> 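Can you read through this structure? Questions will come right after.
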Amino acid sequence: MPNQNGALYGLTILSPIIDDAKATPSHDLQIRSYLAKLSTREESPFALAPGTHLARLVVMDDVIYVGMPACEEHLKSKYLVFESNCDGDLDTYLTGLAASIPEHLDAIWKHCVGYPGAANRKAFVEYMKACQLETTFYFAAVNDRSVPETLRALQTQSAVADFVATHQGVDPVTLQRDFIQFAAKLQSQPTPPPGSMGPYREIKTGGHNE
């Protein structure tokens, strides 16, 4: 089923960026500058947005196509590409974005053609849908687990790996005792916040289509 992988929704949105020769800096550079300042950890606005497994924002300058016979074609504008794997249906997710991080959405998408703002939830959802591309094939790390369930699983995986690494060669009696204590402690721990379990990645801003 397009856009869907189990309980996960694969969202791909291409929004045309305003081309205004009088804008200094240009709108695409203003988007890049804003994105470069965003955290990729717990403080990321998309970690605060409900139901977001992962999100990526890219400024796409051009995609050159050379047809047969040779005929070079270019995009008519630069685009902001937004990709997300999220829980639930599209309307609920987009409404949740507008409700939870409106100031970030407006700061980014105000540089895109026709953006109505996040305050008008209905217009915002309609705009995003109008810019949506059908996702026919995409990779999802999980397909039937919510964000909290996935975070809990990652927490358990990491904790078990650490336990195994620190208990090599331990005698069976001690191992059993420590594991019982470990399991009880792990069970009592809260679910980690979104953005805290993934690997840290630097934001790239210097090249094309980043």
Side-chain angles (χ1 to χ4, degrees), residues 1-13 34-58 81-101 104-105 108 128 132-205 207 209-210:
M1 181 178 179
N3 302 320
Q4 203 80 29
N5 186 343
L8 256 65
Y9 193 96
L11 178 61
T12 304
I13 290 175
Y34 190 85
L35 295 180
K37 297 179 178 69
L38 294 182
S39 170
T40 59
R41 304 292 290 178
E42 296 98 316
E43 300 80 14
S44 166
F46 293 96
L48 304 175
T52 304
H53 284 262
L54 61 87
R56 186 184 186 196
L57 287 154
V58 178
V81 183
F82 174 53
E83 299 173 318
S84 175
N85 280 7
C86 54
D87 290 335
D89 65 274
L90 181 57
D91 282 45
T92 300
Y93 179 66
L94 291 175
T95 302
L97 282 180
S100 59
I101 54 170
H104 293 290
L105 297 174
I108 297 168
M128 290 299 191
Q132 182 185 8
L133 295 183
E134 187 176 85
T135 305
T136 56
F137 181 83
Y138 71 100
F139 172 80
V142 296
N143 62 2
D144 285 308
R145 294 291 181 267
S146 67
V147 171
E149 289 172 323
T150 302
L151 288 167
R152 190 68 174 175
L154 290 171
Q155 179 188 46
T156 301
Q157 180 187 53
S158 177
V160 169
D162 289 343
F163 180 87
V164 172
T166 57
H167 284 75
Q168 296 295 308
V170 174
D171 66 90
V173 174
T174 302
L175 180 63
Q176 182 182 45
R177 183 200 64 204
D178 288 356
F179 184 79
I180 291 172
Q181 295 174 351
F182 159 78
K185 181 180 179 181
L186 179 62
Q187 185 67 29
S188 67
Q189 289 180 344
T191 300
S196 64
M197 298 302 297
Y200 178 77
R201 291 184 175 89
E202 295 285 352
I203 295 177
K204 298 180 180 180
T205 60
N209 300 340
E210 294 181 348

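Note that the structure is predicted; figures quoted are calculated from it, not measured.
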> Not counting sequence neighbours, which residues clear side-chain contact (heavy atoms from CB on, under 4.5 Å) with Glu43? List them please.
Ser39, Arg41

> Verify, without hydrogens or angle tests, whether Asn3 (side chain) and Glu134 (backbone) share a donor-acceptor contact under 3.5 angstrom.
no

> Check each of Val58, Leu57, Ile13 against Val81 using the side chain to side chain contact (heavy atoms under 4.5 Å, CB included) test, and report the only one that passes.
Val58

> Suppose we screen for side-chain contact (heavy atoms from CB on, under 4.5 Å). Which residues come up paired with Val173, at least two apart in sequence or across chains?
Asp171

> Let me confirm one number: the CE-CG distance from Met128 to Leu97, rounded to the nearest 0.5 Å.
7.0 Å

> Nearest 0.5 Å, what's the OG-CG distance between Ser84 and Leu94?
9.0 Å

> Nearest 0.5 Å, what's the CG-CZ distance between Asn85 and Arg56?
12.5 Å

> Using a 3.5 Å cut-off and no angle test, enumerate the donor-acceptor pairs between side-chain atoms of residues 176-189 and protein atoms at least two apart in sequence or in another chain.
residue: Asp178; atom: OD2; partner: His167; partner atom: NE2; Å: 3.0
residue: Ser188; atom: OG; partner: Lys185; partner atom: O; Å: 2.7

> Could you tell me which residues satisfy salt bridge (Lys or Arg N to Asp or Glu O under 4.0 Å) with Asp91, sequence neighbours excluded, listed by chain and number?
Lys129

> Apply side chain to side chain donor-acceptor pair (under 3.5 Å) to Glu83 and list each qualifying residue two or more places apart in sequence or on a separate chain.
none

> Suppose we screen for ring-ring contact (aromatic ring centres under 6.0 Å, His included). Which residues come up paired with Phe82, at least two apart in sequence or across chains?
Phe46, Trp109

> Calculate, to the nearest 0.5 Å, the distance between atoms CG and OG1 belonging to Leu90 and Thr95 respectively.
8.5 Å

> Could you walk me through whether His104 and Leu38 pass the side chain to side chain contact (heavy atoms under 4.5 Å, CB included) test, one step at a time?
CA-CA 10 Å; His104 293 290; Leu38 294 182; 4.0 Å; yes

